[in-house]
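When reading the values below, keep in mind they use all heavy atoms of this one structure, side chains included, and skip hydrogens, waters and symmetry mates. Proteins come first, then strands; the chains are lettered A, B, ... in the order of their sequence lines, and each starts at number 1.
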Protein chains: 2
Amino acid sequence: MKIEKRIKCEGCIIKQMNSFKALSKEELKSISDKKETRIIKKGEVIFKEGERLKGVFCVRDGISKLSKMSGNGRDQIIKLANKGEVLGQRSVITSERANLSATALEDMSVCFVPKAEIEKCVAENSSFTKALLNNMANELKLADVAIVNMAHKTVRQRLAEVLLYLDESFGTDQDGYLYLQLSRTDIANLVGTATELLIRTLAVFKKENSIVIDGKRIKLIDKKVLYNIVEGL
Amino acid sequence: MKIEKRIKCEGCIIKQMNSFKALSKEELKSISDKKETRIIKKGEVIFKEGERLKGVFCVRDGISKLSKMSGNGRDQIIKLANKGEVLGQRSVITSERANLSATALEDMSVCFVPKAEIEKCVAENSSFTKALLNNMANELKLADVAIVNMAHKTVRQRLAEVLLYLDESFGTDQDGYLYLQLSRTDIANLVGTATELLIRTLAVFKKENSIVIDGKRIKLIDKKVLYNIVEGL
DNA sequence: ATCATAAACTGACAAAAATCATATTTTTGA
DNA sequence: TCAAAAATATGATTTTTGTCAGTTTATGAT
């Protein structure tokens, strides 16, 4: 990771998108002094499951994946994090080892904020703590939904859901193709299935004319049909 | 639900087991004035997915299940809550509708604490908020593990894990049988599979001599083997 | 005790998913 | 530009899981 040092937290727009918006000018200044801005190249690992994190990573730009190894040697992507999200919050707050690995899916620009700064803010600023709490509560809700989906939806349903999610969260390019171009393996790890089955299911969607495939690029043609697939219709 | 009114929060031992331990004597007194102690019979629903909760339920005694319906009409048990746990925290904090349903698996004694009391404590007592945050962070970690397990472990692996979890969390009776006697359907909903497959898999474990079955009563005979099954060996 | 009902179980089969082997295409970098 | 490597794709097969239909067993109310 390359290290830069330029932007000040006080004027950073990214903070509007996360718990940092609850911080005072003084707190932001203090963080700004201690933080390091880093450039992370596509494919680079930001932190690994089991590591002790020395701070959190506030994402200024670029999409990353948060994943966890299963005992069976498969990698499950738990969530995709867009700019604005803060990586490593949970582990830093609880002082536990990281539960997930974070990997850049694009070139990223992140600010590393040392653990001590976060702890100071938690200790002194209760609206920051409340913001963290709300954030965590929301993640928990999503996680519960994911458990149910994994347990009871078919790969076909989950893939339709993932495609709609990618469209919803990261949008499309000028030609209407999904902006985020994942590898087949990454999509499989997001859906929670084997790569082969994922490829076949994508091919089925293509044959059914609900999507168009052009190499890594995927375009959703008939979202209504995809929604119906999610519902099991 | 029958309503009682007796025990004072200040002297209640249950609070040692949850976030309420961070509260001051005055806060506990205030809660004590507003709370209602209720007896909930086995099988009764405490709250349903989608409801707006008017407060949280502090469990004085009895085990409950927290479950969520999948689109396919199956009920997934997300967690089992023992005494000491507080039900409905997430929904009350975020003022969202309940994400899960809570049902008594045994006769229960719970204290209902109105939302306003919780909000007051969150607003005024930052160590309470921090305790909630830690609690939520822990739940999130467990949820992430559950996602991976659902996605990549077989029913055989997950059942072994559930049995060991029931042993670990709720213990056994004098004869060494699991204390918590769930219906086959509840075990299936915990594992995330169909009842028939669950019954068959239990029968396989029995045949392999890792468990003994006597009606609803289940005894773990060879935990080592069960651990190996979890690991896929 | 008896009946009605629900829960537990079994067998046969169908569907979904994983696995293994191999072919083809795309990407990469020397 | 070309060869090697990686990613994508396909076929054949096995394993796992789900479903349906029906039987047996337990349970509770009268």
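Comparing the helix axis at one end of the helix from C:dA1-D:dT30 to C:dA30-D:dT1 with that at the other, each defined from 5 consecutive pairs, gives an inter-axis angle of 50° (nearest 10°).
Around the CD atom of A:Glu168, the shell of radius 6.0 Å holds no more than 12 heavy atoms that belong to other residues, nucleotides or ligands. At most 12 non-hydrogen atoms from other residues, nucleotides or ligands lie less than 6.0 angstrom from NZ of B:Lys223.
Contacts of residues 177-187 of chain A with DNA chain C (heavy atom under 4.0 Å): none. Near DNA chain D, meaning a heavy atom under 4.0 Å from it, residues 205-233 of chain B has no residue at all.
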Tell me which donor-acceptor pairs under 3.5 Å the side chains of residues 82-90 of chain A have, and how far apart each pair is, sequence neighbours excluded?
from    : atom 1 : to       : atom 2 : distance (Å)
A:Glu85 : OE1    : A:Lys79  : NZ     : 2.7
A:Gln89 : NE2    : A:Asn135 : OD1    : 3.3
A:Arg90 : NH1    : A:Glu96  : OE1    : 3.4
A:Arg90 : NH1    : B:Ala137 : O      : 3.3
A:Arg90 : NH2    : A:Glu96  : OE1    : 3.4

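Rounded to a whole Å, the CG atom of A:Leu198 is 9 Å from the P atom of D:dA9.
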**Request:** Do nucleotides 11-30 of chain C as a string where each nucleotide becomes B, S or -: B if the base has a protein heavy atom under 4.0 Å, S if just the sugar-phosphate does, - if no protein is that close.
**Result:** BB----SSBB----------
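Partner of B:Cys58 under the side chain to side chain contact (heavy atoms under 4.5 Å, CB included) criterion, out of B:Thr37, B:Val110, B:Ile14: B:Ile14 alone.
In this structure, B:Phe205 and B:Val225 have side chains that are not in contact, with every pair of non-hydrogen atoms separated by 4.5 Å or more. The shortest side-chain heavy-atom distance between A:Ile39 and A:Ser109 falls under the 4.5 Å cut-off. Within the 4.5 Å cutoff, the side chain of A:Lys68 has heavy atoms near those of the A:Asn99 side chain. When side chains are defined from C-beta on, B:Val155 counts as touching B:Val191, because their heavy atoms get closer than 4.5 Å.
Minimum interatomic distance between A:Ser95 and A:Arg52 (heavy atoms only, all atoms of both residues): O-NH1, 3.9 Å. Of all heavy-atom pairs between B:Val230 and B:Gln157, the closest is O-NE2, 3.1 Å.
With sequence neighbours left out, the salt bridge (Lys or Arg N to Asp or Glu O under 4.0 Å) criterion links A:Arg217 to A:Asp173, A:Asp175, A:Asp214.
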